[in-house]
There are 2 protein chains.
Amino acid sequence: MGIGNVSERRLAQPQIGVSVVILALGPHGDSEASGHSRLWLPLVRRVKQPFMGAWALPGGDLRVGHSLEESAFKALESTTELHPKYLEQLYTFGDPARSSGGLPMVSIVYWALVGEAETKDFAEVDNVRWFPADELPDLAFDHRRIIEYALWRSRSKLEYPDIATKLVGEEFTLSQLHDVYEAVTGQPLDLANFRRKMLASGHLEDTGRKRHVGRSRPATVYRYRHDGTANEDFPLPAVVNPPRSAGRSDDALSALMPS
Amino acid sequence: MGIGNVSERRLAQPQIGVSVVILALGPHGDSEASGHSRLWLPLVRRVKQPFMGAWALPGGDLRVGHSLEESAFKALESTTELHPKYLEQLYTFGDPARSSGGLPMVSIVYWALVGEAETKDFAEVDNVRWFPADELPDLAFDHRRIIEYALWRSRSKLEYPDIATKLVGEEFTLSQLHDVYEAVTGQPLDLANFRRKMLASGHLEDTGRKRHVGRSRPATVYRYRHDGTANEDFPLPAVVNPPRSAGRSDDALSALMPS
DNA sequence: CCAAAAGTGTTACTCTTACACCCATGT
DNA sequence: ACATGGGTGTAAGAGTAACACTTTTGG
């Protein structure tokens, strides 16, 4: 098989890219602190046809010589400057109809979580704006459906308790964790039973410290125990808590590479 | 952006292909009817470098103008002549290290189930041979890991009861269904409790007929009720019972196309 | 009558749910 | 002292697991 053949086959193939649905916890109302939270996600405004001017998921090209996760991480970083604590493959979309008008496109979509601290209060910068997950604008391509799938996946994965941890931060009170669960599922959840179930799971560790909020009794601060009894999930590549050393983005990326 | 640019970007991208892990129920022992079953899967012998001569998952190129599911279905059909009743996307693998020695390769892997009737008693034809899922030979690339993931996925999806149905056929007795569960999980399962749980689920419908096997009491024959209360799975494209009209393969494919 | 598989009953136990209640703290 | 969230108690009910038991068939 000559080089010419290989080139021809490659030319016959669709373009490949990566996109990322990133979720973060944010305030509920535009009005003010209503106590409860909901999920927000950042979208970028397209600067090319098709769908120029419309909102779309952050994404980019596949980087040759890098894993898919690295490509997704890099794409996300270069468009939004976010460094997710959790990044997992969601699905690959490749229907010819999805790129209405454009070139055929296969998108490998990742799903990410960032803590509230990362989000810099949801202000719009450049062409990136945060939207509440239940009040999305019109979106380019099939991105609305992709987001709905990501939200569904986040709900079904919530039973693995470390997922909630990624949204709430390293240390948290049981009320905060409870708040995350309600934000993700959209359902009210009995706090008393939630507390018992979480503590019984053995995954929470008391830090010894307490946290005050208002004029009320201080709450115990917990930490998630990453150790021990491996979870029941299959070990596929996923970015979990990349140790970011002092902000340089290449460091964050290199931390993702095996070996 | 001129055409030249587009070509260049495409050339920088890895090759894309589809692969399929197909599972079927088969006999347990080489010796003979030991009553119980286990999972089998077909592999094809590679006729190209790298890994020439090694066993690998069936697969093929992406077909332009066709959906990913269609490409997977076609690839499977042309290599093994199987027509899965269930075909669902599993995962996309794209690590540069996986194509050791070859060109960089992104594989969109699908996961399929076929009934025992489809398999023509597991005889080796051409370069296709069936292997028990727990006695695999050495495999090309990272295909062993991919199969392990598919097996894990089949176990975790078994709670959706229609999965078992795809392996056992349209109509079945509760013992047969029980046998599938034990084959997939590898665990023994109390038949009495299994029976009650299945019947209580409301998904099984009595056909009114009975089936005799040996010198024993005849068993009620059930059918899976596909109707009604939508399952809790997210509706992504998946091939479910493509109505094959009299064997011509193009018909099977066209049945997969939307609208 | 007997073996073998189909199918039912029963009991103990765990897990879930709903909700009443007490506790510690800042104002 | 009292409002506010933090945290515990408890009892009813659903679901699970283990295993003894009865039923229907062919030989």
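Every value quoted in this text rests on a predicted model; they were computed, and no experiment measured them. In what follows, chains carry the letters A, B, and so on, assigned in the order in which the sequence lines appear, proteins first and then strands, with residues in each chain numbered from 1.
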Contacting residues from residues 188-198 of chain A, given that a heavy atom lies under 4.0 angstrom of DNA chain D =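 A/Ala192, A/Arg195, A/Arg196 - these, ordered by number, are the residues of the stretch whose heavy atoms sit under 4.0 Å from the strand.
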
Terminal axes of the helix from C/dC1-D/dG27 to C/dT27-D/dA1 (five pairs each): angle between them, nearest 10 degrees =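 Result, rounded to 10 degrees: 10°.
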
key: Criterion side chain to side chain donor-acceptor pair (under 3.5 Å) on A/Tyr110 and A/Glu88, from CA distance to verdict   = CA-CA 6 Å; A/Tyr110 276 76; A/Glu88 179 193 304; over 6 Å; no

inquiry  = Between A/Arg153 and A/Glu148, does any side-chain N to carboxylate O distance fall below 4.0 Å?
reply    =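 Looking at A/Glu148 together with A/Arg153, the answer is no, because their closest N to O distance does not fall below 4.0 Å.
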
query = So how far is it from B/Leu136 CG to B/Leu41 CG, rounded to the nearest 0.5 Å?
reply =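 Going from the CG atom of B/Leu136 to the CG atom of B/Leu41 covers 5.5 Å.
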
query = Is A/Thr220 near enough to D/dG6 that one of its side-chain N or O atoms lies under 4.0 angstrom from OP1 or OP2?
reply =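 Indeed not, no polar side-chain atom of A/Thr220 lies that close.
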
task = Give a yes/no answer on whether the side chain of A/Ser175 brings an N or O atom under 4.0 Å of OP1 or OP2 in D/dG6.
result =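 Yes, A/Ser175 has a side-chain N/O under 4.0 Å of OP1/OP2 on D/dG6.
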
A/Asp95 and B/Ser67 side chains, donor-acceptor separation under 3.5 Å =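 Distance-only check fails for B/Ser67 and A/Asp95.
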
query = What is the ring orientation for B/Tyr224 with B/His226, classed by angle as parallel under 30°, tilted 30 to 60°, or perpendicular over 60°?
reply =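 Judged by the thresholds at 30° and 60°, the geometry between B/Tyr224 and B/His226 is perpendicular.
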
ask   = Which word best sums up how the rings of A/Phe73 and A/His83 line up, parallel for under 30°, tilted for 30 to 60°, or perpendicular for over 60°?
value =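 Ring orientation, 0 to 90° scale: tilted.
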
request  = Starting from the C-alpha separation in whole Å, work towards a yes-or-no answer on ring-ring contact (aromatic ring centres under 6.0 Å, His included) for B/Trp111 and B/Tyr91.
outcome  = CA-CA 9 Å; B/Trp111 168 62; B/Tyr91 198 78; over 10 Å; no

message = Measuring centre to centre across the rings, with the benzene-like ring taken for any Trp, is A/Tyr222 within less than 6.0 Å of A/Phe172?
response =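 For A/Tyr222 and A/Phe172, the ring centres are not under 6.0 Å apart.
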
Whether B/Glu135 side chain and B/Pro132 backbone form a donor-acceptor pair below 3.5 Å =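 No; judged by distance alone, with no hydrogens or angles, the pair does not exist.
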
query = Checking side-chain contact (heavy atoms from CB on, under 4.5 Å) for the pair B/Arg223/B/Arg209: CA distance, chi angles, key distance, verdict?
reply = CA-CA 11 Å; B/Arg223 169 191 311 126; B/Arg209 256 161 302 123; 4.0 Å; yes

message = Quick check: any donor-acceptor pair below 3.5 Å linking the side-chain of B/Arg215 to the base of D/dG27?
response =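 No, no donor-acceptor pair under 3.5 Å.
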
query = If you walk 5' to 3' along DNA chain C, what is the first nucleotide with an atom under 4.0 Å of a heavy atom in chain A, and what is the last?
reply =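 The contact span of chain A on DNA chain C goes from C/dT17 to C/dG26.
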
